[in-house]
**Q** 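Pasting a structure below so you can have a look.
Order of the sequence lines sets the chain letters (A, B, ...), proteins ahead of strands, with each chain counted from 1.
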Amino acid sequence: MAFSRITKHPQQLCKTISPINPNSVSIRNLSTDPEDFTGTINYFISIFTKQPFCPDSPELKSLAPMLNPRVVEYVLNSFKSWRIAYSFFNWASNQYGYKHNIYTYNAMASILSHARENAPLRALSSAILNSRCSMTPGALGFFIRCLGSVGLADEANVLFDQVKMMGLCMPNSYSYNCLLEAISRSKCRSTSVILVETRLQEMRNQGWEFDKYTLTPVLQVYCNAGKFNEALGVFNKICDRGWVDEHILSILVLCFSKCSEVDKAFELIEKMEDQNVRLNEKTFCILIHGFVKLSRVDKALQLFDKMQKYGFTPDLALFDVLIGGLCKSNELEKALSLYAQMKLFKILPDVGIFTKLISSFSEEGELTYVLDKIHEDMDLEGLTMLCNSCLNSLVNSGLIDKAHCLLQGMMGKAYGDNVELHKLFQDKKVFAPNTASFAIVIKALVPAGKLDLALSLFQDMAQIGCSRNLVIYNNLIDGLCKSDRLEESYEILREMKESGIEPTQFTHNAMFGCLCRRGDASGALDLVKKMRIHGHEPWIKHYTFLVRKMCKNGKATQACKFLADMVQEGFLPDIIAYSASLSGLIEIQEVDQALKLFRDICARGHCPDVVAYNILISGLFKTQRITEAHTIFEEMVMKGLVPSVVTYNLLIDGWCKSGCIDEALHCLSRMSANEREPNVITYTTLIGGLCNAGRPDDAVMLWTEMRRRGCTPNRVAFMAFIHGLCQCGRPNAALVHLREMEDNEMEPDSFIYVALVSAFLADVKLPLAFEVLKEMVDKGKFPDLLDKNYIIVRDAILKLSKDARTSSSVRSLISNGSIPSITL
DNA sequence: GTAGGGTTAG
C-alpha cells in the first residue's frame with residue numbers, strides 16, 4: 001500500500017460505518033459532503049456483490065456521477081473477489097466523465113497480481129499507456145513490482161521505457177530498483193543477465209546511486225544464471241558496504257547448494273554467522289533437503305544442529321529426509337538416534353519413516369534390532385503399521401518365509417525358532433495383523449509356489465475376524481488356477497461373492513486361462529458367456545493357447561469352430577489366434593480349408609501379417625503346391641509386407657526340395673541384400689540341400705562360411721551336415737564332425753550312426769563301420785524295431801558278420817546281448 | 001494389479 005494514498009484499510013473503514021444494511025442503502029441517503037464517500041462506497045459494494053450484476057441498471061447509471069478515483073480505490077479494496085473488483089474497475093473505466101489515475105490502476109494491479117491473473121494484468125499495463133496516465137516514480141515502481149511478482153518481466157521493461165518516452169514519468173533509482181527486481185524474477189535466465197547489466201549501465205549514466213535493493217536483484221540474476229564469479233563479485237560489494245542480510249545470504253547459499261557446492265555453501269554460512277547474519281528457517285529447510293539429495297548428510301546434519309541452536313523447531317519432513325539419507329548411507333545408528341530425537345520433540349513418526357528405517361537393514365538381525373528400538377510406546381495401530389512395513393521389507397528382500405513367521409507371531413501363533421522374532425514377541429506386546437498384513441504375505445507366497453501356506457493364512461483371516469479384500473481373493477484364485485486347482489478356485493469365488501466383492505476381469509481371466517490350459521473348449525465357452533454378462537473380456541492369449549492345444553491333438557476343425565463361437569459371443573480373435581488355427585488346419589492336411597479361412601479373415605478386415613503368410617507358404621510347399629506357394633509369396637510382397645528370415649528359409653527349403661539348388665543359393669544372396677541375416681536354419685537347409693544335390697564341396701564351404709559369420713551350428717545342423725557328408729560318400733569327414741559334435745556335448749540321433757555305418761560299408765571300410773556300430777550300441781542308440789533304419793542296421797550287421805575282420809566282434813556283441821538277436 | 005500367444009531346418 002506504499003503508493004496507495006488511502007492508508008486506512010477499507011475493511012476497517014466499512015466497519016466504522018456499519019451497521020448499514022447494504023440492501024437498504026438508497027441513493028437518497030447519500031451524503032452531499034464532498035469528503036464523505038462512505039455511503040457511496042457501500043452502495044457500490046452492495047450493487048456489485050448482488051447477483052446478477054447488470055452494468056446498464058438505472059441504479060448504477062445514477063451512481064456514475066459520484067465516481068472519483070478515491071472512491072474507486074476504496075471500493076476496489078473492499079471486494080473479496082478479484083473478478084468483482086475487475087468488473088467494477090472496467091465498468092468505472094467506461095463511465096462518462098470519470099478517468100482512472102495511477103492509484104486506481106495500482107490498486108487493481110495489486111489485486112490481480114495477488115490473484116496471479118496475468119492476462120488482465122497485462123491488459124492493465126497497456127491501458128495505463130493508452131490513457132496517458134502520468135505517475136510519480138514511486139507509483140511506477142509499485143506497478144512494476146506487481147508485474148514482476150507474477151513473472152511479467154517483459155511487460156515491466158516495455159512499460160518502463162514507454163512511460164519514460166511518453167513523458168508520463170521520470171523514473172528514479174527506486175523505479176529502477178523495482179524494475180531490476182522484476183527482471184530478477186524472470187524465468188528466462190540468459191536474457192535476464194543482459195537486461196540487468198543494461199539497466200545498471202543506464203542507472204550509472206544517469207547518475208543514480210546503487211543501494212542494497214539495486215544489488216540484491218543483480219545477485220539473484222547472476223545466481224540464477226549460474227554465473228558464480230559475477231555473483232561473488234556482487235556479493236563482495238554488498239559485504240563491503242555492510243548490507244548483507246539474511247535474504248542476501250540465502251540467495252547465495254541456495255545458489256551454491258543448487259550447483260552442488262555444499263562445502264562452499266557451508267563455509268559461507270559460518271563466515272556470515274561471525275557477522276551475526278543468520279539463515280532463516282525456510283532456507284535452512286531447503287538447504288537440508290538439498291544437501292541430503294547431494295548425498296551430503298554430514299553437512300545436512302550440521303545445519304540441522306545449527307537451526308536448532310537458533311531456536312527453530314525441526315518438523316516431520318526434515319526428520320524424514322535426514323533419516324532417509326542416513327538409511328541410504330547405511331548409518332543405522334545415527335538414523336535411530338534421530339528417531340529418538342523426534343520423540344523428544346513429540347513428533348510422531350509416519351509410515352514413510354518406519355519404512356525407511358526398516359528397509360535399511362542389510363542383515364536379518366538388524367531388522368529386529370531396528371524394530372526393538374522403535375516399537376516401544378506405540379499404540380496397537382502403530383504397531384500394526386510398523387509390522388506391515390517390516391513385512392513389506394522382508395518380502396521385497398525375498399525373505400518370504402521370514403515374513404510368514406512374523407505374521408504368525410503377530411497372530412500370536414508359533415513362528416518357529418526365530419531368535420530375533422522371539423526377542424520381539426517376548427515382552428507380551430499385543431500385535432494385531434490387519435487386512436494389509438495378510439495381503440502382503442499372501443501376495444508374496446502365491447508366486448513363490450507356497451499356495452497352501454497362503455490358503456491357510458486365508459483361513460486364519462476368517463478365524464480372527466479379519467476382512468479379506470479383492471487383491472487377496474484375486475491372488476488366491478490366480479494361484480489356484482495356475483496350479484490347475486480350478487475346483488478350489490470356484491470355492492474361493494463363491495466366498496468372494498458372498499462377502500460382497502464382485503469378481504473382476506482379472507478374476508475371471510485367471511479361471512478362463514485354467515480352462516484353456518486344460519483344453520476344455522466347452523467349459524471355456526461357458527465361462528466366456530458369463531464374462532460377457534459382466535462386461536469382462538477374455539484374454540486372447542488364453543484362447544490362443546487353447547486353439548494351439550486343440551490343434552496339437554489334431555482337432556483343428558474344432559478349434560476353428562471355437563473361434564467362430566467366440567465371434568458369435570462378440571469377441572473377435574486377432575490374427576495370432578487365427579494363425580494358430582491356420583497352422584492346425586495345415587497340420588491335418590486341410591490346406592484348402594486353411595486357404596479359405598485365410599481369405600475369410602481378410603474379407604472381415606483382418607490384415608494378415610508375415611507370420612500368417614509364412615504358415616500358408618509352408619503349408620503349400622509341404623503339399624508340393626510350389627506354384628501357389630510362390631504366388632502367395634508374391635501377394636505378400638505386393639501388400640508391402642517385408643519377408644522375414646523365416647519366409648526366406650521357407651523359400652530356400654522349397655527350392656532345395658524341388659531340386660533347384662541354385663535358386664536356393666540365389667535366395668541366400670537376396671537375404672543379405674534385404675538385410676535379413678541368415679540364421680542356423682538357413683544354413684542347415686542349404687547345407688542339406690547341397691549334399692542332396694551331390695555338391696559336398698559347396699556344402700563344406702557353406703559350413704565354413706556359416707562359422708566364419710559367427711553362426712554356431714546346433715545339434716540339427718551337425719546332424720544334417722554329417723548325414724549329408726555320408727550321403728556323398730565322405731564318411732571320414734563325417735566322422736570328424738561327429739567327434740566335434742560329441743565334444744560339444746550334443747547327442748546325435750541313431751540315424752546318424754546308421755548313415756555312418758552304411759557309408760563306411762559302401763566305402764568297404766568294415767572295421768570303421770563296426771567301430772561306429774559298436775559306439776551306437778554302447779550309447780543305447782540302436783534303432784527301434786519299427787524304425788526304417790532297423791532293416792539297414794540288420795543288413796549292416798549281416799555284412800559285418802560275414803567278413804573275417806569283424807565277424808568275431810559281431811558275434812561277441814550278439815552273445816553278450818548288446819545287439820538284439822537278429823534273425824539273419 | 002493387467003499381455004503375449006501364432007511361422008522355418010534333420
**Q** Under 4.0 Å between any heavy atoms, over every strand shown, what does A:Thr544 touch: base, sugar-phosphate, or nothing? Just pick one.
**A** base
**Q** Taking the six-membered ring where the residue is Trp, are the ring centres of A:His737 and A:Trp703 under 6.0 Å apart?
**A** yes
**Q** Touch check for A:Ile540, heavy atoms < 4.0 angstrom, all strands: base, sugar-phosphate only, or nothing?
**A** base
**Q** Just checking A:Asn474: base, sugar-phosphate only, or nothing, at a heavy-atom cut-off of under 4.0 Å?
**A** base
**Q** Would you indicate what A:Leu470 reaches in the nucleic acid, counting non-hydrogen atoms under 4.0 angstrom: base, sugar-phosphate, or nothing?
**A** base
**Q** Does A:Lys549 reach a base, just sugar-phosphate, or nothing at all? Heavy atoms under 4.0 Å.
**A** nothing
**Q** Less than 6.0 angstrom separating the ring centers of A:Phe621 and A:His630, yes or no?
**A** yes
**Q** For the pair A:Tyr613 and A:Phe598, evaluate ring pair (Phe, Tyr, Trp, His ring centres under 6.0 Å) and give the outcome as yes or no after the intermediate values.
**A** CA-CA 9 Å; A:Tyr613 271 103; A:Phe598 184 81; 5.1 Å; yes
**Q** Within the structure shown, what part of the strands sits under 4.0 Å from A:Asp749 by heavy-atom distance: base, sugar-phosphate, or nothing?
**A** base
**Q** Would you mind classifying the nucleic acid contact of A:Arg548 as base, sugar-phosphate or nothing, using non-hydrogen atoms under 4.0 angstrom?
**A** sugar-phosphate
**Q** Relative to the ring of A:Tyr473, is the ring of A:Phe458 parallel (under 30°), tilted (30 to 60°) or perpendicular (over 60°)?
**A** perpendicular
**Q** Is it true that atom CD of A:Glu675 has more than 12 heavy atoms of other residues, nucleotides or ligands lying nearer than 6.0 Å?
**A** no
**Q** At the 4.0 Å heavy-atom cut-off to chain A, mark where contacts on DNA chain B begin and end, going 5' to 3'.
**A** B:dG1 to B:dG10
**Q** A:Glu677: which residues meet the side-chain contact (heavy atoms from CB on, under 4.5 Å) condition with it, sequence neighbours left out?
**A** A:Arg709
**Q** Remember a base hit wins even if backbone is also touched, and classify A:Asn692 as base, sugar-phosphate or nothing at under 4.0 Å, heavy atoms.
**A** nothing
